[in-house]
Amino acid sequence: MVTPKGDLRVDPLARRLAESLRREQWLRPEASVLVGVSGGGDSVALLCLVHALAPENRWRLEVFHANHGLRGDAADRAETLVREMAESLGLTLSVRALDIERKTRHRSFEEVARAARLEALCEVCRERGIDAVALAHTRDDLAETVLHRALRGTGLAGLAAMRPATEVEGIRLIRPLLGETREGLRLFLRDHQIPWDEDETNTSPVSTRNRIRHTVLPLLRREINPRADEALARLAEHAAQDDAQLEADVDAQLTKMN
């Protein structure tokens, strides 16, 4: 059983999340929300936070877990943890076993896995009548993605990277923890004695993402800018604003032409 210690609603992290959700109106009252939970620290923290805030907003929560079947017993342990959490919180859980080929053409394994998870999330939303998905990406994830794409020569839309709220196939995707750090979420979990699963593949130097996370970004923080993550997050925000403005300008011109 997963029983957080203390009242999560009064935690500073929960208060910041509640304020962001109210200010940005990412979730309406009485919304149905599917929370993606891998079992890792970020998604476990998101689930506990959203669950703590749900009663006052009358949100209907459900949980989604994707098992890629690539970590053997470790994947099964993560799924078991998520099942126990959902049961402890009294939430419906949907689990999808994803069959992802290790060898991919033109796309990395990580890209294929993300696309498969998103497809499964949307499928569950349609089946369950859910109109919003909450994902646990952090400022660390945002910084890593921006830097990764910049090094590959991306354009303006690519620099925009992860947006706090987007829509896919009529389903609203929100990332309400983009302003929070990975370490801050771990501190929250420790403070409230909430267990999580640490994916050992996140420390492997094989993937480019992990080399950026464990080698490149620490070097930038140490040698160039100790707040490199914040700078990259601001770059993503400015790029998103500029990209949206360009789209609006193009739409306006097309309307005039018609």
Side-chain angles (χ1 to χ4, degrees), residues 1-21 26-68 75-96 114 117-118 120-122 124-125 128 130-141 162 164-165 171-199 202:
M1 297 289 287
V2 180
T3 307
K5 177 184 177 183
D7 187 350
L8 302 190
R9 294 171 298 176
V10 301
D11 189 278
L13 179 56
R15 290 179 176 179
R16 288 197 300 274
L17 176 59
E19 175 57 29
S20 294
L21 291 170
W26 288 326
L27 288 178
R28 60 174 176 77
E30 301 182 7
S32 54
V33 187
L34 184 66
V35 184
V37 184
S38 67
D42 300 341
S43 60
V44 167
L46 175 63
L47 176 59
C48 291
L49 287 163
V50 174
H51 180 265
L53 299 175
E56 64 184 274
N57 294 284
R58 304 183 303 282
W59 294 328
R60 177 171 68 86
L61 301 185
E62 294 193 15
V63 182
F64 170 88
H65 176 75
N67 189 331
H68 300 87
D76 294 336
R77 286 196 302 272
E79 181 178 326
T80 297
L81 173 65
V82 176
R83 286 187 181 279
E84 291 176 349
M85 286 198 66
E87 182 179 354
S88 295
L89 300 175
L91 301 177
T92 297
L93 169 67
S94 295
V95 176
R96 290 291 186 272
R114 281 194 296 272
R117 285 195 300 271
L118 181 58
L121 276 164
C122 291
V124 171
C125 284
R128 302 289 302 169
I130 295 172
D131 49 35
V133 172
L135 301 173
H137 296 111
T138 64
R139 191 174 68 195
D140 303 73
D141 295 309
M162 302 170 182
I171 298 165
R172 189 170 180 79
L173 266 62
I174 66 166
R175 299 179 174 91
L177 298 180
L178 279 183
E180 303 295 336
T181 66
R182 192 174 291 135
E183 181 56 30
L185 296 183
R186 298 303 186 279
L187 290 173
F188 165 80
L189 293 171
R190 294 188 190 102
D191 285 345
H192 296 283
Q193 299 180 10
I194 302 169
W196 74 92
D197 172 71
E198 201 65 65
D199 185 348
N202 287 335

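Just so you know, residue 1 is the first one in the sequence shown, and it goes up from there.
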Within the structure provided, determine whether [X] and [Y] are in side-chain contact (heavy-atom separation under 4.5 Å).
X    : Y    : result
P176 : L46  : yes
L121 : L34  : yes
M162 : D141 : yes
E62  : F64  : no
R139 : E180 : no
I194 : F188 : yes
L53  : L17  : yes

Which pair of heavy atoms, one from [X] and one from [Y], lies closest together, and at what distance?
X   : Y    : result
L81 : G39  : CD2-O, 3.7 Å
R96 : A120 : CG-CB, 4.1 Å
L61 : H51  : CD1-CA, 3.5 Å
D42 : L185 : OD1-CD1, 3.6 Å
S38 : S43  : N-OG, 3.0 Å

| message | How about CZ on R9, more than 12 heavy atoms from neighbouring residues, nucleotides or ligands closer than 6.0 Å, or not? | response | no

Give a yes or no on whether the backbone of [Y] and the side-chain of [X] come within a donor-acceptor separation of less than 3.5 Å.
X    : Y    : answer
R175 : A136 : no
H137 : L178 : no
W59  : R28  : yes
S32  : R60  : no

| request: Applying salt bridge (Lys or Arg N to Asp or Glu O under 4.0 Å), name anything that partners R15, two or more places apart in sequence or on another chain. | output: none

| field | With E79 via salt bridge (Lys or Arg N to Asp or Glu O under 4.0 Å) - residues at least two apart | value | R83

